Amino acid sequence: MFALVLSSVLALAGTGTAHAAGARYVALGDSYSSGLGAGGYDAASGDCKRSGKAYPALWAAAHAPASFAFTACAGAVTRDVTARQLGPLTAATSLVSISVGGDDAGFADVMTTCVFFSEATCLNRVAKARSFVDSSLPGLLDTTYAAIHAKGPHARVVVLGYPHLYQVPGGCLLGLTDASRKAIDAVTDDMDGVIAKRAADHGFAFADVRAKFRGHELCSGAPWLHSVTLPAEESYHPTAAGQSGGYLPAFGAAA
C-alpha cells in the first residue's frame, strides 16, 4: 500500500518543469501550506502544525531537492511571513511556495460567525471580509512578496490560492444556507483574484487550486476539506487527500 501511495505522489508531483533534484526549496505560508488538517504533524513544529502530508513535504519527498526548509505555520498572516519565516531564504534559493492572505482577511472569524449565527449575520461578516480583500490585502501582499524577492532574488516563487469550500447546490441538508455558502465561495474568488494579480505583478507564478478541488468541496460526495471537526482548528482545512490530490499537483505544475 505504501508503494502505491508513493508512486501516486511521484506521478502527481512530477508534472512541474522546475528545479526538482537540484532545487533549494523554501516553503512559506499559512495553515493551508503547513498542512493543518492533514495530520501527521511534526512535534517539533509546535502550534505551526507542519505536516509530513502537506504538499511541500510531499513534493520534497518526491523530488529530493538539494535543500528543503519548511517554515509555513498555521494561523500565519502576511506579517508573520515577513517577520518569522524568511530566515532560510538566500540568493541561492531556487524555489519558493507560499499561501497567505486568508488569515489576514479573517477566515476563521468568518467561518465561526457563519456556523453559529444567522444567515444575515454571516452575509454581513462575509461582506466585511470582501471589503478587506479589495482594499487592504493587495498592499499587504505587495509588502510580503517584495520581502521574499529581496531575500531570494533568483527563486521561482509559486503562490497558491484557496479552494472553494462548498459545492452549491450540494448534498448538505443541514448547516449553512446556500446563500451563505455561495457568499463564502465568492469571497474566495475575490481573494484568489487579488492574490493572482499581485503575484503576477511581482513576477511570481500563481497556482489555482479551485479546479483541482472541483467535485471535492464540502457538500460534495467526496470532500477533501474538513467541515466542523475536532480538533476545531482543523475545521475548513484540507484533509490529507486535499493536500495530495489538490495542492500537490497544482504546485507541481507551476514549480
Side-chain angles (χ1 to χ4, degrees), residues 1-6 8-10 12-13 23-65 67-89 95-104 106-109 111-112 115 158-163 165 207 209 212-213 216-218 222-252 255:
M1 177 62 73
F2 178 77
L4 178 61
V5 171
L6 182 58
S8 298
V9 167
L10 289 168
L12 287 167
R24 296 187 180 277
Y25 173 33
V26 179
L28 312 170
D30 58 17
S31 53
Y32 274 57
S33 288
S34 74
L36 178 63
Y41 307 118
D42 177 3
S45 70
D47 291 341
C48 285
K49 300 288 185 180
R50 286 188 281 271
S51 170
K53 300 176 183 179
Y55 74 85
L58 295 176
W59 191 93
H63 289 286
S67 64
F68 172 48
F70 192 9
T71 60
C73 187
V77 295
T78 50
R79 67 176 176 271
D80 294 320
V81 172
T82 56
R84 300 181 178 90
Q85 296 186 18
L86 302 187
L89 271 177
L95 181 63
V96 172
S97 63
I98 183 170
S99 63
V100 75
D103 288 308
D104 292 85
F107 168 78
D109 188 58
M111 297 313 302
T112 299
V115 167
V158 179
V159 181
L160 294 100
Y162 298 95
L165 289 184
V209 301
K212 300 296 184 185
F213 275 82
H216 297 287
E217 307 94 336
L218 296 175
W224 285 351
L225 295 147
H226 292 287
S227 185
V228 177
T229 190
L230 292 175
E233 63 186 1
E234 295 188 352
S235 300
Y236 305 108
H237 283 81
T239 62
Q243 288 287 339
S244 63
Y247 270 89
L248 178 62
F251 174 58

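Since the model is a prediction, treat every value here as computed from it, not as a measurement.
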Which pair of non-hydrogen atoms, one from Gly35 and one from Ser51, has the smallest distance, and what is that distance? O-CB, 3.7 Å

Which residues pass the side-chain hydrogen bond (donor to acceptor under 3.5 Å, both in side chains) test with Ser34, not counting sequence neighbours? none

Only counting residues at least two apart or in another chain, list the ones meeting side-chain hydrogen bond (donor to acceptor under 3.5 Å, both in side chains) with Asp104. Thr78

Answer with yes or no after comparing the ring centroid distance for Tyr55 and Tyr32 against a 6.0 Å cut-off, counting only values under it. no

Just do the ring pair (Phe, Tyr, Trp, His ring centres under 6.0 Å) check on Tyr162 and Phe107 with the steps written out, would you? CA-CA 11 Å; Tyr162 298 95; Phe107 168 78; 7.5 Å; no

State, to 0.1 Å, how close Phe213 and Gly246 come at their nearest heavy-atom pair, and which atoms those are. CE1-CA, 3.7 Å

Give the minimum heavy-atom separation between Cys73 and Gln85, together with the two atoms involved. N-NE2, 3.7 Å

Can you find a pair of side-chain heavy atoms, one from Leu225 and one from Pro163, that are under 4.5 Å apart? yes

Sequence neighbours excluded, the answer for salt bridge (Lys or Arg N to Asp or Glu O under 4.0 Å) partners of Asp109 is Arg125

Contacts of type side-chain contact (heavy atoms from CB on, under 4.5 Å), residue Glu233, not counting sequence neighbours: Leu36, Lys49, Pro231

Ignoring hydrogens, what is the shortest heavy-atom contact between Gly39 and Lys53? Give both atom names and the distance. O-CD, 4.0 Å

On a heavy-atom basis, which atom in Cys48 and which in Ala72 lie closest, and how many Å separate them? CB-O, 4.1 Å

Are any side-chain N or O atoms of Glu217 and backbone N or O atoms of Pro223, one a donor and one an acceptor, separated by less than 3.5 Å? no

Tell me every residue that passes side-chain contact (heavy atoms from CB on, under 4.5 Å) with Ala250, counting only those two or more places apart in sequence or in another chain. Ala207, Val209, Lys212

Taking side-chain hydrogen bond (donor to acceptor under 3.5 Å, both in side chains) as the definition, give me every residue that meets it alongside Tyr236, ordered by chain and number, with sequence neighbours left out. none

Results of side-chain contact (heavy atoms from CB on, under 4.5 Å) for Asp80 - residues two or more places apart only: Ala76, Val77, Arg84

I'd like to know if the side chain of Ser45 and the backbone of Arg50 have a donor-acceptor N/O pair within less than 3.5 Å. yes

Tell me every residue that passes side-chain hydrogen bond (donor to acceptor under 3.5 Å, both in side chains) with Ser99, counting only those two or more places apart in sequence or in another chain. Asp30, Ser33

Could you pull out all residues at least two apart from Phe70 that satisfy ring pair (Phe, Tyr, Trp, His ring centres under 6.0 Å)? Phe68

Could you check Leu28, Val96, Val26 and say which one makes a side chain to side chain contact (heavy atoms under 4.5 Å, CB included) with Pro88? Val26

Ring pair (Phe, Tyr, Trp, His ring centres under 6.0 Å) partners of His216, counting only residues at least two apart: Trp224

With Thr229 via side-chain contact (heavy atoms from CB on, under 4.5 Å) - residues at least two apart: His226, Glu234, Ser235

